[in-house]
2 protein chains.
Amino acid sequence: MAEEPDAASRRPATIGDVARLAGVATSTVSRALSTPGRVNEATRQRIVAAAAELSYVPSTQARSLVSGTTRTVALLVPDIANPFYFGLIRGAQRQLRAAGYAQLLVDTEESAEIEAETIDLMRKSADGVILAASRLDERQLAALAQRQPIVTVNRDVPGVPSVILDTPDGARQALMHLRSLGHRRIAYVGGPADSWSNARRWQALEAAAPELGVELHRSGPWMPHADAGAAAADTVVGTATASIVFNDVLAFGMLRRLRERGVRVPEDLSIVGCDDVFGADFCEPPLTTVAAPIEEAGRVAVTMLLETIGGTGSGRTRAVLPTYLRARRSSGPAPTD
Amino acid sequence: MAEEPDAASRRPATIGDVARLAGVATSTVSRALSTPGRVNEATRQRIVAAAAELSYVPSTQARSLVSGTTRTVALLVPDIANPFYFGLIRGAQRQLRAAGYAQLLVDTEESAEIEAETIDLMRKSADGVILAASRLDERQLAALAQRQPIVTVNRDVPGVPSVILDTPDGARQALMHLRSLGHRRIAYVGGPADSWSNARRWQALEAAAPELGVELHRSGPWMPHADAGAAAADTVVGTATASIVFNDVLAFGMLRRLRERGVRVPEDLSIVGCDDVFGADFCEPPLTTVAAPIEEAGRVAVTMLLETIGGTGSGRTRAVLPTYLRARRSSGPAPTD
DNA sequence: GTGAAAGCGCTAACAA
DNA sequence: TTGTTAGCGCTTTCAC
């Protein structure tokens with residue numbers, strides 16, 4: 001194999017090049033490649049060979065121009081560096097690849113503005129959008145969903161299909177767990193003020209506390225970053241003997257602070273996180289946490305979105321995925337007051 | 001504001017709709033929106049207003065069909081769930097957004113085949129490709145780079161622009177650090193056999209060991225997953241008093257195993273990781289690790305790629321980013337043998 | 001400064 | 001079974 005002229009030529013092969021080489025019309029090439037049944041087997045083979053020789057790749061742009069469809073789905077997450085979204089991203093990507101779709105990942109940097117702007121842009125570039133932990137308000141979300149297929153994750157707005165991780169239930173489990181260990185004064189260390197999940201978890205705890213005989217305290221709002229954990233930890237020490245924390249990342253920061261202050265976990269203060277993020281079993285002590293099937297959430301979101309796009313909508317518009325408490329060592333017995 | 005008819009109409013507005021509403025030709029709309037200087041200010045305003053009213057978004061597909069350019073860059077990573085890539089993804093995304101590009105993120109699942117296939121697909125869908133820790137061999141990589149703009153991260157192939165994190169130097173720093181602590185028998189716990197960085201780190205260590213009077217052992221290859229850490233840890237105990245590990249994730253797994261076995265870190269066995277991944281300062285004990293400016297690597301890779309695409313190539317074809325040892329507590333003094 | 005028309009690569013009628 | 005033709009939405013000559 002000496003020179004390969006086609007490889008050297010800068011311009012990628014078009015359907016016209018393939019047609020010329022195979023001695024057929026472009027429409028035949030198109031058919032051979034997308035509706036193999038409707039073309040003579042011999043010519044089909046000739047065409048496939050020609051395409052291979054020119055290493056022809058169909059232009060997705062041209063295709064979508066005529067089909068009006070892009071076979072691309074956008075996934076918007078508030079913070080790509082938050083390990084919580086890893087599983088979601090991966091689950092979505094797997095399901096998308098299987099369906100022959102590409103994934104456009106966008107980090108909206110916790111900004112409602114960037115989010116809205118991106119969704120609008122995507123109206124032409126993607127067939128649909130998956131919104132993780134959207135920062136938009138209900139009205140906006142509902143309006144946008146009118147215009148283009150949208151599925152939300154961890155955000156429930158009437159009329160917008162959604163995948164919900166039932167973390168309020170997980171929080172309830174955590175509360176019972178701590179209570180059964182003997183804790184009576186328990187704090188909820190809350191996440192961002194505009195977080196929908198956060199509000200729902202608090203509600204669930206508030207509802208469950210009385211009948212358990214738990215004195216419930218509230219701390220926050222806190223940003224879901226490890227750095228915020230220091231201040232958060234300080235608010236809890238002395239107030240409660242156990243805490244349920246918005247998410248693991250925040251809990252990591254608390255753990256670090258408590259170690260600095262010499263407050264022992266779980267002996268002096270119990271901690272329960274949420275998400276079962278990467279690292280939750282490596283930290284000191286390993287973190288008891290509300291684990292959620294986040295990768296599955298990604299897959300389900302894609303499935304629902306593709307149903308919406310395809311109009312195959314079985315009508316399922318809301319999926320609630322169960323969570324469970326993964327008890328490790330950061331929630332020991334209640335300290336004797 | 002009662003009914004908003006345009007919002008209700010399913011079909012998104014095209015340039016033609018805008019032209020009609022503004023009472024001009026489509027070409028004028030096009031100019032007004034992309035070359036504002038070449039159009040009368042009054043008409044421009046009329047057009048902008050019309051576009052806003054119809055909430056017109058230009059079709060990127062149609063644009064790229066005529067321009068031959070997609071303003072999209074593909075980023076291929078072997079494993080999206082590996083926290084090492086977070087920073088890279090984010091750095092790349094920031095720089096891309098600033099330049100008005102979209103990011104197509106693909107998880108190649110550590111498969112050379114998926115990688116090659118994806119790169120080929122991207123020839124038409126993206127203006128360029130960033131390859132993190134490519135699994136392809138030199139020949140393939142060089143050939144692909146002929147056909148489309150490619151920048152590699154942590155992979156150096158002649159003729160392919162690359163961003164290199166100088167982890168071999170970091171490994172050398174780790175070796176000196178451990179030696180100065182009194183360690184003489186030190187193991188390198190290696191990563192995947194086909195990892196280019198892995199090979200280079202070993203070379204660096206091998207070269208540095210004699211003059212430091214270090215007896216260097218080698219363990220591996222291991223997959224860079226926490227689960228692999230258990231077996232890896234077992235190979236080191238008793239052989240060496242300190243170990244330099246391919247990456248933090250593997251080190252996490254080792255830490256867990258050593259805790260189970262009752263081997264104290266760093267008293268009985270010192271550990272130095274690599275990457276300074278999320279969690280390295282939360283684990284027990286906090287992990288001393290070779291830290292690399294990974295987010296910067298993402299930004300630099302994008303810059304280099306865009307230069308290649310734009311033909312603005314200043315000719316810079318290789319960026320080497322320094323690394324440094326971030327000493328925490330997992331590398332204590334040498335145990336007395 | 002603006003409009004008419006051609007064409008980017010592809011698919012989908014419609015004919016043959 | 002295959003070829004011809006007309007567009008998808010946009011940019012870009014080329015006239016005016």
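All chains are named by letter (A, B, ...) in the order of the sequence lines, taking the proteins before the strands, and each is independently numbered beginning at 1.
Between B:Glu41 atom CD and C:dT2 atom C1' there is a gap of 16 Å when expressed in whole angstrom units. What separates CZ of A:Arg38 from P of C:dT11 is a distance of 13 Å, to the nearest Å. One can place CD1 of B:Ile47 at 14 Å from C1' of D:dT11, the figure rounded to the nearest angstrom. When the P atom of D:dC10 is taken as reference, atom CG of B:Leu33 falls 10 Å away, rounded to whole Å. The distance between atom CZ of B:Arg11 and atom C1' of D:dG7, rounded to the nearest whole Å, is 14 Å. In this structure, B:Arg71 places its CZ atom 12 Å from P of D:dT11, rounding to the nearest Å.
Here B:Val24 lies in heavy-atom contact (under 4.0 Å) with sugar-phosphate atoms only. Contacts of A:Ser27 with the nucleic acid, taken as non-hydrogen atoms under 4.0 Å apart, include base atoms. In this structure, B:Ser67 reaches neither bases nor backbone, as no heavy-atom distance under 4.0 Å exists between it and the strands shown.
Checked by distance alone, B:Thr43 brings no side-chain donor or acceptor within 3.5 Å of a matching partner on the base of C:dT2. B:Arg44 contributes no side-chain N or O that forms a donor-acceptor pair with the base of C:dG1 under 3.5 Å.
Residue-to-nucleotide proximity on DNA chain D shows that, of B:Arg31 and B:Gln61, the 5′-proximal contact is made by B:Gln61. If B:Gly23 and B:Lys124 are placed on DNA chain C by their nearest nucleotide, the residue sitting closer to the 5' end is B:Gly23. Annotation: of the two residues near DNA chain C, B:Thr28 and A:Thr14, the 5′-most nearest-nucleotide partner is B:Thr28.
Side-chain N/O atoms of B:Thr26 include none lying less than 4.0 angstrom from OP1 or OP2 on D:dC10. The side chain of B:Ser30 contributes an N or O atom lying less than 4.0 Å from OP1 or OP2 of D:dT11. Checking the phosphate oxygens (OP1, OP2) of C:dT11, a side-chain nitrogen or oxygen of A:Arg63 falls inside 4.0 Å. Close to C:dC8, at under 4.0 Å from its OP1 or OP2, lies no side-chain N or O of A:Ser59.
Under the side chain to side chain contact (heavy atoms under 4.5 Å, CB included) test applied with A:Leu131, the options A:Val160, A:Thr152, A:Asn154, A:Val153 reduce to a single match, A:Thr152. Shown are A:Glu115, A:Glu110, A:Glu109; of these, the salt bridge (Lys or Arg N to Asp or Glu O under 4.0 Å) with A:Arg135 is made only by A:Glu110.
When distances run from any side-chain atom of B:Leu65 to the nucleotides D:dC10, D:dG9, C:dT2, the shortest one goes to D:dG9. When each of D:dT2, D:dC10, C:dT11 is scored by its nearest atom to the side-chain atoms of A:Ile15, the top-ranked nucleotide is C:dT11. Between C:dT11, D:dG9, C:dG1, one nucleotide has an atom nearer to the side chain of B:Asn40 than all others, and that is C:dG1. Distances were taken from every side-chain heavy atom of B:Ala62 (C-beta onward) to each of D:dT11, C:dG9, D:dC10; the shortest belongs to D:dC10.
Checked by atom type, the side-chain pair A:Gln95/A:Thr303 shows a donor-acceptor distance below 3.5 Å.
Enclosure of atom CD in B:Gln45 by more than 12 non-hydrogen atoms of other residues, nucleotides or ligands within 6.0 angstrom is indicated.
Between B:Asp107 and A:Arg94, none of the side-chain N atoms (NZ, or NE/NH1/NH2) sits under 4.0 Å from a carboxylate O, so this pair counts as no salt bridge.
Looking at B:Arg71, its side chain does come within 3.5 Å of a backbone N or O of B:Ala99 through a donor-acceptor pair.
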